[in-house]
Amino acid sequence: MRDGSEGVVQARRRFIGGLGLAAVAAPAAAFEADGSTGGLPPRKETEAEKRAPRYRETDHVRAYYRTNRY
């Protein structure tokens, strides 16, 4: 390597390492210190919700299919 270019390489590696740390820290910030999401329990599905149809073909879905020839 040329003289002085080693510092640039090290700075680039620190920057990329910082991006990796930010990618891990951002989702972790959504949780509280104890790992919970603010004391809200997860909502459980009822038996009726488990059997309910989940897909609804609405007007905008029909328009998408029509314009894209599905």
Side-chain angles (χ1 to χ4, degrees):
M1 298 201 136
R2 291 180 289 167
D3 294 332
S5 66
E6 186 67 31
V8 173
V9 171
Q10 291 297 325
R12 186 179 306 135
R13 287 181 182 162
R14 281 193 301 272
F15 175 74
I16 292 174
L19 288 178
L21 179 63
V24 171
F31 295 98
E32 291 186 1
D34 63 351
S36 68
T37 57
L40 298 174
R43 188 167 111 29
K44 302 233 182 213
E45 283 186 320
T46 63
E47 289 299 319
E49 289 174 334
K50 287 179 184 177
R51 293 189 183 106
R54 301 186 191 276
Y55 176 79
R56 285 181 236 139
E57 191 172 323
T58 58
D59 290 336
H60 75 279
V61 172
R62 284 187 210 105
Y64 177 82
Y65 288 156
R66 186 180 65 250
T67 58
N68 289 295
R69 304 181 203 282
Y70 286 113

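Residue numbers run from 1 in the order of the sequence given.
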Rounded to the nearest 0.5 Å, how far apart are CD of E45 and CZ of R51?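 Here the interatomic distance stands at 11.5 Å.
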Legend entry - Reported CD-to-NZ distance for the pair E49 and K44, which is rounded to 0.5 angstrom: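 Here the rounded value is 13.0 Å.
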Set of side chain to side chain donor-acceptor pair (under 3.5 Å) partners for Q10, sequence neighbours left out:
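Result, side chain to side chain donor-acceptor pair (under 3.5 Å) vs Q10: E6.
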Applying side chain to side chain donor-acceptor pair (under 3.5 Å), can you list everything that pairs with R62, at least two apart in sequence or on another chain?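 So R62 forms a side chain to side chain donor-acceptor pair (under 3.5 Å) with D59.
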(request) Identify which one of R13, R12, R14 satisfies the side-chain contact (heavy atoms from CB on, under 4.5 Å) criterion when paired with I16. (result)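 Only match with I16 under side-chain contact (heavy atoms from CB on, under 4.5 Å): R12.
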